[in-house]
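This report concerns only the one structure given below.
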Amino acid sequence: MTVHKSTISTKDDSYKDEKYSYVKLPPLDVSAAFPQATPASVFPPCTSDYYQFDDLLNAEERAVRLKVRKCMEKEVAPIMAEYWEKAEFPFQIIPKLGALNIAGGTIKGYGCPGLSVTASAIATAEVARVDASCSTFVLVHSSLAMLTIALCGSEEQKQKYLPSLAQFKTVACWGLTEPDNGSDASGLNTTAIKVNGGWIIEGQKRWIGNSTFADVLVIFARNSSTNQINGYIVKKGAPGLTSTKIANKIGLRMVQNGDIVLEKVFVPDEDRLPGVNSFQDTSKVLAVSRVMVAWQPIGICMGIYDMCHRYLKERKQFGVPLAAFQLNQQKLVQILGNVQAMLLIGWRLCKLYESGKMTPGHASLGKSWITVKARETAALGRELLGGNGILGDFLVAKAFCDLEPIYTYEGTYDINTLITGREVTGIASFKPASRSRL
């Protein structure tokens, strides 16, 4: 039998047109597709403070909580699922975040708010309660980059950079991690060579949040003369500097993590951070930022509880709300208990820091334990929402994924436990034995 090509082509084209007519249709709005429960774009009220933790806060801390909560629920909740799905950052919210006056956190002067550690932690949690990506954006900018300049910079550097950063008129990132050096950050390979009038920086950084659009990049490099780690302020657009977005992340998709390549980047002497003369100097920054990172999963789990609490009352099966079933109540209460324990450990961490008693082991145990309980909490929330537990529209799926990078960054769960283990035993176990006995 003879088959004419023109006939095949016509049939194929017809099939393609028919198939693509469905593919090109926009999805139903979630409220129309699933009207029985309210999506997270209309954020649920906060119902997670079961042990009345708010009583432990002073008036300033409560005020910070309320203003951040209001902004996040109004400005970010309606758009977060869309931008998370696209893996794009909503730049239009930056002025809104700037108006909250939380950037710079505990830094005093230079236009910074000078908040207590507790107030800064509360702000971190309230941002993360609605969207983890936004909280990471703020944390990298504020508790890493700005704090490094505040603790390790010269007076001239503080006056030059901090006021603009405090208002989010400029954005900063913090470059420590490298392709070959993650947990072993002290072994970094990026080099700084002294030349007339400044330094030549050569190397590569990876996983650097905000780096694709940052105006100010705080970069750590090894001084080729002393072999010690130094810190440098690199400006956006410096010759030899490139930053490209890391694609295909499953979590914190709105955060623009980047690969930074520095090819003979010149940094003038006035942009060398005088207070960074060894890797140990980074611990002054990491001590505070690790506390703030511990408050991210606290906030995320507050949001998970709030969403599940509302969803179980709205969603009905077998003629009754899901909240009527014993198994669902048990899981919801387990989530609630986790949130109470996480809040109290986070609060105690803040008080230890404010009293000068917090150790690296305290901060590391807080971050590691809170993140591992947060993963458990997200898994329970995902179960409670059934099929909608895999949709970003109902928050929990997004939170489930966003917790994964938080579980890893600022020290993995394992590394943080080893920091605490070293402190309580007096024995460091980070590196394997040089020789095996087998």
Side-chain angles (χ1 to χ4, degrees), residues 84 87 89 105 120-121 124-125 127-128 131-148 171-188 204-212 214 217-220 243 245-260 279 282-301 342 346 349 360 363-375 378 398-420 430:
W84 194 90
F89 189 81
S120 189
T124 298
V127 176
D131 185 75
S133 293
C134 283
S135 72
T136 296
F137 163 74
V138 174
L139 186 143
V140 169
H141 171 90
S142 180
S143 296
L144 287 173
M146 288 184 69
L147 194 61
T148 299
V171 172
C173 70
W174 198 78
L176 178 64
T177 301
E178 298 182 350
D180 292 337
N181 295 281
S183 294
D184 186 16
S186 62
L188 61 82
Q204 191 170 339
K205 300 292 181 180
R206 182 161 171 81
W207 291 114
I208 311 306
N210 304 350
S211 61
T212 61
L217 300 86
V218 175
I219 299 293
F220 296 91
S243 181
K245 177 182 173 180
I246 297 175
N248 303 321
K249 296 187 302 173
I250 68 158
L252 297 178
R253 288 173 56 78
M254 284 162 57
V255 177
Q256 304 300 293
N257 294 95
D259 286 304
I260 297 175
F279 183 75
T282 64
S283 65
K284 295 183 291 187
V285 178
L286 291 172
V288 180
S289 67
R290 199 155 282 161
V291 173
M292 297 303 133
V293 170
W295 277 84
Q296 284 188 283
I298 292 174
I300 292 169
C301 291
M342 293 159 71
L349 266 183
S364 290
L365 177 59
K367 193 269 179 178
S368 59
W369 184 86
I370 287 170
T371 52
V372 81
K373 296 307 287 185
R375 287 173 109 199
K398 190 167 76 69
F400 187 100
C401 294
D402 287 342
L403 279 165
E404 287 305 292
I406 296 173
Y407 179 73
T408 299
Y409 69 39
E410 286 278 349
T412 65
Y413 173 82
D414 301 288
I415 289 295
N416 273 306
T417 59
L418 295 182
I419 291 172
T420 306
F430 292 92

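Sequence positions, counted from 1, serve as the residue numbers for this chain.
Contact detail for C173 and V140: the closest heavy-atom pair is CA-CG1, 4.0 Å. Across every non-hydrogen atom of L403 and A374, the tightest pair is CD1-O, 3.4 Å. Contact between A294 and I298 at its shortest, heavy atoms only, is O-CG1, 3.5 Å. Shown here for S289 and L139, the closest heavy-atom pair between the two residues is O-CD1, 4.4 Å. N210 approaches H141 most closely through the heavy-atom pair ND2-N, 3.8 Å. Taking each heavy atom of K367 and V293 in turn, the nearest pair found is CE-CG1, 3.6 Å.
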Evaluation steps, side-chain contact (heavy atoms from CB on, under 4.5 Å), between T124 and V138: CA-CA 8 Å; T124 298; V138 174; over 6 Å; no
Audit row: K205, L217, side-chain contact (heavy atoms from CB on, under 4.5 Å) steps and yes/no: CA-CA 11 Å; K205 300 292 181 180; L217 300 86; over 6 Å; no
Worked verdict on N416 versus I419 for side-chain contact (heavy atoms from CB on, under 4.5 Å): CA-CA 5 Å; N416 273 306; I419 291 172; 4.0 Å; yes
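Listed by chain and number, the residues in a salt bridge (charged side-chain N to carboxylate O under 4.0 Å, His left out) with K373 are E376 (sequence neighbours excluded). A87 pairs by the side chain to side chain contact (heavy atoms under 4.5 Å, CB included) definition with K245, R253, not counting sequence neighbours. Residues forming a ring pair (Phe, Tyr, Trp, His ring centres under 6.0 Å) with F279 (at least two apart in sequence, or on another chain): none.
Ion pair E178/R206 not flagged as a salt bridge, since none of the NZ, NE, NH1 or NH2 atoms sits closer than 4.0 Å to an Asp/Glu carboxylate oxygen.
The distance from atom CH2 of W174 to atom CD1 of I208, rounded to the nearest 0.5 Å, is 8.5 Å. In this structure, CD1 in I370 is found 12.0 Å from CD1 in I406, a value given to the nearest 0.5 Å. To the nearest 0.5 Å, atoms CD1 (I300) and CH2 (W295) are separated by 13.5 Å.
Between Y409 and L252 there is a side-chain heavy-atom pair separated by less than 4.5 Å. You'll find the side chain of W369 stays beyond 4.5 Å of the side chain of T420, heavy atoms only. Contact of the K398 side chain with the D131 side chain is registered, since non-hydrogen atoms from C-beta on lie closer than 4.5 Å. Side-chain contact check for I260 versus I219: some heavy-atom pair is nearer than 4.5 Å. Annotation: side chain of T371 is not in contact with side chain of Q296 (no heavy-atom distance under 4.5 Å). Side-chain atoms of F137 and V127, non-hydrogen and from C-beta on, never get closer than 4.5 Å to each other. Annotation: side chain of T212 is not in contact with side chain of F89 (no heavy-atom distance under 4.5 Å). Counting only heavy atoms from C-beta outward, the side chains of D259 and I246 approach each other to under 4.5 Å.
Paired with S183 under the rule side-chain contact (heavy atoms from CB on, under 4.5 Å), one option of D414, T177, I415 passes, and it is I415.
With hydrogens and angles disregarded, a donor-acceptor distance shorter than 3.5 Å links the side chain of Q256 to the backbone of M254.
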